[in-house]
Amino acid sequence: MKIYTTAPLEDPRSARTLYKTLEDIGYDGGFSFEAKHDPFLTLAVAAEHTERMRLGTAIAIAFARNPMNLANLGYDMQSISGGRFVLGLGTQVRPHIEKRFSAEWSQPARRLREIVLAVRAIWDCWETGGKLDFRGEFYTHTIMIPAFDPGPNPYGPPPVFTGGFGPLMTRVAGEVADGFIAHPFNTRQSLLENALPALEQGLALSGRSRQDLEVMCATLVVTADTEEQLAASKLAARKQLAFYGSTPAYLPTLACHGWEGVHRDLNALSKQGRWDAMTDLIDDDILDAIAVVGERGEIAGKLRARLDGIADSVSLTHNRCPDPGYWADIVQQLRQ
């Protein structure tokens, strides 16, 4: 199993050292995400300070850009990184697309599918010298002149991963992507009952097999060196899960375990702004089902048990653990 992490990046200048630290620890890949900073620029810096590890976006917001823009970014990052780049794309939610990015939102699964196909059509034009003639429902690309054609990439086009949660978005990954980034608000049961069947449906539509798709599970890890630190880490995880659990889109994970009432209560409390009360609803059963929780020496084994037969790679995640070396021992144990 490949071992990844999403790099915590508050200051983009730290990309010069952060990704090198992750590479030295033994991670197979380090991913950026679109939050306070652009997800591509930091990876361009990281590419100059690393040699081995994959560098990717998990995720860049596709709807904030267009296929030509994404094709250029992905192609250039593949070249700069020496063939180590992964173009990871996701959708965000409608209010952010419309009100933060002033972009168009409609039929997100179909639109993301078309973006991937359009990007691939542009890359194919550059790789082969053929005519660019992509005509879709949302995007049209029919002109490419020598002045704007970079020609074949010395490392070939990068792989495209898509992130998703619901069945439609998950099926898109199976149909058109090289990899699927599973959301951390999943349990082993929800991955088996919800995600994998949707991926298989997408793979069948494109005539591909499971071996043609890398499944990458972002997994919330809760551990610490002392009881006090572990309690703080658990509390932070409960807050994060309470936020996710209050959102109707994430109900299917809770429903797999008969916890629909928890979602109903979380949703009601969120509308009242009662955030502390929401956290109290995430009991140990829910925390242990969604996160991987335990003493440091237990985590590697629990991760293997959680993802065995499901994932090709794991991305260790915890938004409240910004130290890049925090899981160094766990990475080594996973490798052993």
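Hydrogens, waters and symmetry mates are skipped; everything else that's a heavy atom, side chains included, is used.
- Proximity of Arg135 to Thr142: side-chain heavy atoms (C-beta onward) are separated by under 4.5 Å at one or more points.
- Cluster membership for Leu168 and Phe161, using ILVMFWY side-chain heavy atoms within less than 4.5 angstrom, is not shared.
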Can you list, pair by pair, the side-chain donor-acceptor contacts under 3.5 Å of residues 305-315, counting residues two or more places apart and other chains?
from, atom 1, to, atom 2, distance (Å)
Arg306, NH1, Ile290, O, 2.9
Arg306, NH2, Asp288, O, 3.2
Arg306, NH2, Ala289, O, 3.0
Arg306, NH2, Ala291, O, 2.9
Asp312, OD2, Arg210, NH1, 3.0
Asp312, OD2, Arg210, NH2, 3.0
Asp312, OD2, Val215, N, 2.8
Ser313, OG, Glu214, OE2, 2.8

Practice item. Dump the intermediate steps for side-chain contact (heavy atoms from CB on, under 4.5 Å) on Leu230 and Val222, then the final yes or no. Key: CA-CA 7 Å; Leu230 182 60; Val222 179; 4.2 Å; yes
**Study point:** Audit row: Trp126, Asn72, side-chain contact (heavy atoms from CB on, under 4.5 Å) steps and yes/no
**Key:** CA-CA 10 Å; Trp126 294 344; Asn72 277 126; 3.3 Å; yes
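- Within 6.0 Å of atom CZ in Phe243, 12 or fewer heavy atoms from other residues, nucleotides or ligands are found, so the atom counts as exposed in its surroundings.
- Side chain of Asn267 to main chain of Ser246: a donor-acceptor pair is present (N/O by atom type, distance under 3.5 Å, no hydrogens or angles).
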Side-chain donor-acceptor pairs under 3.5 Å in residues 191-198, sequence neighbours left out?
from, atom 1, to, atom 2, distance (Å)
Glu193, OE2, Gln189, NE2, 3.1

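- When the shell of 6.0 Å around CD of Gln272 is examined, it contains more than 12 heavy atoms from other residues, nucleotides or ligands.
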**Study point:** Working for side-chain contact (heavy atoms from CB on, under 4.5 Å), residues Phe40 and Leu87
**Key:** CA-CA 9 Å; Phe40 293 95; Leu87 178 60; 3.8 Å; yes
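- Under a hydrophobic clustering in which Ile, Leu, Val, Met, Phe, Trp and Tyr are joined whenever their side-chain heavy atoms come within less than 4.5 Å, directly or via other members, Leu287 and Trp259 fall into the same cluster.
- Note: the hydrophobic cluster containing Ile80 does not contain Val119 (ILVMFWY, side chain heavy atoms under 4.5 Å, direct or indirect links).
- With hydrogens and angles ignored, the 3.5 Å screen pairs a side-chain donor or acceptor of Thr57 with a backbone N or O of Gly88.
- No more than 12 heavy atoms of other residues, nucleotides or ligands sit less than 6.0 Å from atom CG of Asp276.
- Side-chain atoms of Met1 and Leu334, non-hydrogen and from C-beta on, never get closer than 4.5 Å to each other.
- Thr170 contributes no side-chain N or O that, together with a main-chain N or O of Gly164, makes up a donor-acceptor pair within less than 3.5 Å.
- Ion pairing between a basic and an acidic side chain is recognised when a charged N comes within 4.0 Å of a carboxylate O; Asp284 and Arg238 show such pairing.
- Val293 and Leu235 fall into different hydrophobic clusters, where Ile, Leu, Val, Met, Phe, Trp and Tyr side chains are chained together by heavy-atom contacts under 4.5 Å.
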Exercise for review: Show your working on side-chain contact (heavy atoms from CB on, under 4.5 Å) between Glu104 and Ile97 and close with a plain yes or no.
Suggested key: CA-CA 7 Å; Glu104 186 175 351; Ile97 297 302; over 6 Å; no
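- Residues Met216 and Phe31 form a side-chain contact, since some pair of their non-hydrogen atoms from C-beta on lies under 4.5 Å apart.
- Judged as a ring-ring contact (aromatic ring centres under 6.0 Å, His included), the pairs with a partner in residues 41-65 (not counting sequence neighbours) are, in order, Phe63-Trp105.
- Contact annotation: the side chain of Ile122 never approaches that of Leu70 to less than 4.5 Å [non-hydrogen atoms, C-beta and beyond].
- Remark: the backbone N or O of Tyr75 is not paired with any side-chain donor or acceptor of Ser79 at under 3.5 angstrom.
- Residue Ile145 qualifies as enclosed at atom CD1: its count of foreign heavy atoms under 6.0 Å is above 12.
- Shortest non-hydrogen contact noted between Leu220 and Ala237 is CD2-CB, 3.9 Å.
- One distance of note links CG of Leu213 with CD of Glu175; it measures 12.0 Å at 0.5 Å rounding.
- Looking at Thr42 and His37, their side chains never bring a donor and an acceptor atom within 3.5 Å of each other.
- A side-chain donor-acceptor contact under 3.5 Å links Ser106 and Arg111.
- Looking at Glu114, its side chain does come within 3.5 Å of a backbone N or O of Glu137 through a donor-acceptor pair.
- In terms of hydrophobic clustering, with Ile, Leu, Val, Met, Phe, Trp and Tyr side chains grouped at heavy-atom distances under 4.5 Å, Phe165 and Phe33 are assigned to different clusters.
- Within the 4.5 Å cutoff, the side chain of Pro159 has no heavy atoms near those of the Phe85 side chain.
- Counting heavy atoms from C-beta outward, Ile59 and Gln92 have side chains that stay 4.5 Å or more apart.
- Applying the salt bridge (Lys or Arg N to Asp or Glu O under 4.0 Å) test to residues at least two apart or on different chains, the pairs with a partner in residues 56-74 are Glu34-Arg65, Asp38-Arg65.
- Gln201 places no side-chain N or O within 3.5 Å of a backbone atom of Arg171 that could act as its donor or acceptor partner.
- How far CG of Leu112 is from OG1 of Thr91: 7.0 Å, rounded to the nearest 0.5 Å.
- Contact detail for Pro67 and Ala118: the closest heavy-atom pair is CB-CB, 3.6 Å.
- Taking every heavy atom of both residues into account, Val172 and Ala109 meet most closely at CG2-O, 3.5 Å.
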Would you give me the side-chain donor-acceptor pairs under 3.5 Å for residues 176-186, sequence neighbours excluded?
from, atom 1, to, atom 2, distance (Å)
Asp178, OD2, Arg120, NH2, 2.8
Asp178, OD2, Val160, N, 2.8
His183, ND1, Phe185, N, 2.9
His183, NE2, Tyr250, OH, 3.2
Asn186, OD1, Ser190, OG, 2.7
Asn186, ND2, His183, O, 3.0

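- When the shell of 6.0 Å around CD of Glu295 is examined, it contains 12 or fewer heavy atoms from other residues, nucleotides or ligands.
- Checking Arg335, Arg84, Arg54, Lys2 one by one against Asp28, the salt bridge (charged side-chain N to carboxylate O under 4.0 Å, His left out) holds for a single residue, Arg335.
- Within the 4.5 Å cutoff, the side chain of Arg100 has heavy atoms near those of the Ile61 side chain.
- Within 6.0 Å of CZ in Arg16 there are 12 or fewer heavy atoms belonging to other residues, nucleotides or ligands.
- The shortest side-chain heavy-atom distance between Ile299 and Leu316 does not fall under the 4.5 Å cut-off.
- Put simply, the side chain of Glu260 never gets that close to the backbone of Leu251: no donor and acceptor are under 3.5 Å apart.
- Between Thr219 and Cys217, the closest heavy-atom pair is OG1-O, 3.1 Å.
- Checking side-chain atoms of Ser102 against main-chain N and O of Glu98 turns up no donor-acceptor pair under 3.5 Å.
- In this structure Tyr19 satisfies the ring-ring contact (aromatic ring centres under 6.0 Å, His included) test with no other residue, sequence neighbours excluded.
- Contact record, Ala60 with Pro39: CB-CG, 4.0 Å, taken as the closest heavy-atom pair.
- Here the closest heavy-atom approach between residue Ala47 and residue Ser81 is recorded as CB-CA, 3.8 Å.
- Atoms CG and CG, from Asp280 and Asp265 in turn, are 12.0 Å apart once rounded to the nearest 0.5 Å.
- Side-chain atoms of Glu228 and Thr226 form no donor-acceptor pair, as typed in the model, at a separation below 3.5 Å.
- Looking at Arg296, its side chain never comes within 3.5 Å of a backbone N or O of Thr223 through a donor-acceptor pair.
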